[in-house]
Peer 1: 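Questions regarding the structure given below will be posed in turn.
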Amino acid sequence: MAWIQIRINANAATADAVSDLLMEAGSASVTFIDAKDTPIYEPKIGTVVFWADTTVIGLFEANHDMNAVVALLKRHDELKDNLVYKIEQLEDKDWEREWMDNFHPIQFGERLWICPSWRDIPDPDAVNVLLDPGLAFGTGTHATTALCLKWLESQDLTGKTVVDFGCGSGILGIAAIKLGAERMIGIDIDPQALEASLDNANRNGVADKLEVYLPENQPEFTADIVVANILAQPLRELHSVILGLLKPGGKIAMSGILEEQAQSVADIYAPFIELDDIAVEGDWTRVSGTKKA
Ligand SMILES: C[S@@+](CC[C@H](N)C(=O)[O-])C[C@H]1O[C@@H](n2cnc3c(N)ncnc32)[C@H](O)[C@@H]1O
């Protein structure tokens with residue numbers, strides 16, 4: 001099917017209203033993107049926070065009357081005199097397939113492969129994780145996930161209990177199980193991430209070793225290993241929660257940390273963790289170490 005999209009320059013105050021108007025105008029989907037690459041640190045659960053410069057994109061069938069869409073948007077008080085937008089005809093292609101076509105098996109370290117579940121496994125003798133991220137984050141293509149996967153691949157996980165804090169697709173915890181861990185506990189604020197993690201655990205035949213929880217439901221326990229690929233701000237703010245999940249002598253790897261933020265994360269964890277050297281991949285880093293007794 002052919003599609004047409006409208007991109008509207010909005011801000012934190014208008015993005016929600018623009019989205020509502022696009023839906024009212026018949027948009028098949030509305031997407032928000034950061035116009036200026038400014039990270040938003042974790043909002044409180046139940047709140048929606050937009051970037052100061054947010055682009056709102058509405059997708060319509062190609063024959064939709066876009067003049068009517070623009071007219072509707074201009075009825076909004078803050079948009080009527082300064083609506084900045086761009087209408088683009090999209091190439092007619094199968095967008096879902098396009099994404100799938102671009103996701104290929106990737107190797108991490110010596111043993112580990114992340115394989116899209118719809119592709120052939122390149123090396124049947126390797127440690128293979130079959131993955132379909134669904135609506136959750138985590139395919140292995142992002143440097144932050146890659147930093148954690150390489151770290152997990154370098155550890156002896158045999159018989160260990162692993163916490164995947166911010167589990168997304170479950171990629172890190174499931175890789176840990178495939179690398180020998182006995183039990184994985186996934187924690188995420190997003191119910192879709194818990195669902196994707198369970199689906200991927202089933203796909204890999206390891207569902208009996210995996211438990212997933214929203215933070216408010218997680219039981220009390222401590223683990224041998226914690227991996228947390230969230231962002232620097234929540235890693236700093238939640239340091240006592242995250243450290244509370246780790247046994248003395250246990251190991252932790254954290255990512256989602258930009259290079260300029262790494263020292264501030266390391267400083268907060270240094271009193272409790274014997275830190276390794278900070279690992280860097282592109283703009284992103286990994287802070288890791290061993291919990292002091
Ligand atoms: C960057 S993704 C990482 C997904 C996957 N672990 C990976 O490495 O690719 C971050 C995940 O952390 C979750 N998250 C963010 N803040 C969190 C918090 N405070 N507690 C638990 N999960 C959180 C998000 O919902 C998201 O699924």
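One is the number of the first residue; the rest follow in order along the sequence. Both counts, for ligands and for their atoms, begin at 1 and track the order of listing.
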Peer 1: Among residues two or more places apart or on two chains, list those pairs meeting ring-ring contact (aromatic ring centres under 6.0 Å, His included) that have a residue in residues 267-293.
Peer 2: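 Output for this query lists His142-Trp284.
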Peer 1: Hey, which atoms in ligand 1 end up nearer than 4.0 Å to a heavy atom of Leu238?
Peer 2: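 By the 4.0 Å cutoff, the relevant atoms are 19 (N).
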Peer 1: Quick one: which of Ile225, Asp276, Thr290, Ile242 gives a side-chain contact (heavy atoms from CB on, under 4.5 Å) with Ile252?
Peer 2: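 Single pass found, and it is Ile242.
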Peer 1: Are Arg203 and Asp199 packed together at the side-chain level, in the sense that at least one heavy-atom pair is separated by less than 4.5 angstrom?
Peer 2: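 Yes, at least one pair of side-chain atoms sits under 4.5 Å.
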Peer 1: Taking distance alone, with no angle check, do Gly166 and ligand 1 share an N/O pair under 3.5 Å?
Peer 2: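 Between Gly166 and ligand 1, an N or O pair is found under 3.5 Å apart.
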Peer 1: To check you understand the geometry: which heavy-atom pair defines the closest contact between Asn128 and Lys178, and what is its length?
Peer 2: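 Closest heavy-atom pair between Asn128 and Lys178: O-NZ, 2.8 Å.
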Peer 1: Measure Leu172 to ligand 1 on non-hydrogen atoms and call it side chain, backbone, both or neither using the 4.0 Å cut-off.
Peer 2: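 Within the 4.0 Å criterion, Leu172 contacts ligand 1 through side-chain atoms alone.
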Peer 1: Quick check: Asn229 and ligand 1, any N/O pair under 3.5 Å apart?
Peer 2: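 Checking ligand 1 against Asn229, an N or O pair does fall under 3.5 Å apart.
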Peer 1: Are Tyr213 and Leu194 close enough that some pair of their side-chain heavy atoms sits under 4.5 Å apart?
Peer 2: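 Not in contact.
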Peer 1: Is Cys167 touching ligand 1 with its side chain, its backbone, both, or neither, if touching means heavy atoms under 4.0 Å apart?
Peer 2: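 For Cys167, the contact with ligand 1 is made by the backbone alone.
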Peer 1: Please name the pair of heavy atoms, one in Pro122 and one in Pro105, separated by the smallest distance, quoted to 0.1 Å.
Peer 2: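 Looking at all heavy atoms of both residues, the shortest contact is CG-CB, 3.6 Å.
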Peer 1: Using a 4.0 Å cutoff against the non-hydrogen atoms of Asp164, which atoms of ligand 1 qualify?
Peer 2: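 Atoms satisfying the 4.0 Å criterion: 6 (N).
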Peer 1: Looking only at side chains, do Ser169 and Asn200 share a donor and an acceptor under 3.5 Å apart?
Peer 2: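 No, no side-chain donor-acceptor pair sits under 3.5 Å.
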Peer 1: Under 3.5 Å between some N or O of ligand 1 and some N or O of Asp190?
Peer 2: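 Such a contact does not occur with ligand 1.
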Peer 1: Should the proximity of Thr144 to ligand 1, defined as any heavy atom under 4.0 Å, be assigned to the side chain, the backbone, both, or neither?
Peer 2: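 None of Thr144 does.
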Peer 1: Heavy atom to atom 24 (C) of ligand 1, shortest distance: which of Leu147, Thr141, Asp188 holds it?
Peer 2: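 When every heavy atom of Leu147, Thr141, Asp188 is considered, Asp188 comes closest to atom 24 (C) of ligand 1.
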Peer 1: Would you mind running through ligand 1 and noting each atom that sits below 4.0 Å from a heavy atom of Ile171?
Peer 2: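 Counting atoms of ligand 1 from 1, those under 4.0 Å from Ile171 are 7 (C), 9 (O).
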Peer 1: Check each heavy atom of Leu231 against ligand 1 and say whether those closer than 4.0 Å belong to the side chain, the backbone, both or neither.
Peer 2: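 For Leu231, no heavy atom sits under 4.0 Å from ligand 1.
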Peer 1: Of all residues at least two apart in sequence or in a different chain, which pass the side-chain contact (heavy atoms from CB on, under 4.5 Å) check with Ala146?
Peer 2: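 Testing Ala146 for side-chain contact (heavy atoms from CB on, under 4.5 Å), a comparison that skips the adjacent residues, returns Phe108, Glu281.
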Peer 1: When you look for heavy atoms under 4.0 Å from ligand 1, do you find them on the side chain of Thr139, its backbone, both, or neither?
Peer 2: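 Near ligand 1, Thr139 shows nothing, with every heavy atom at 4.0 Å or more.
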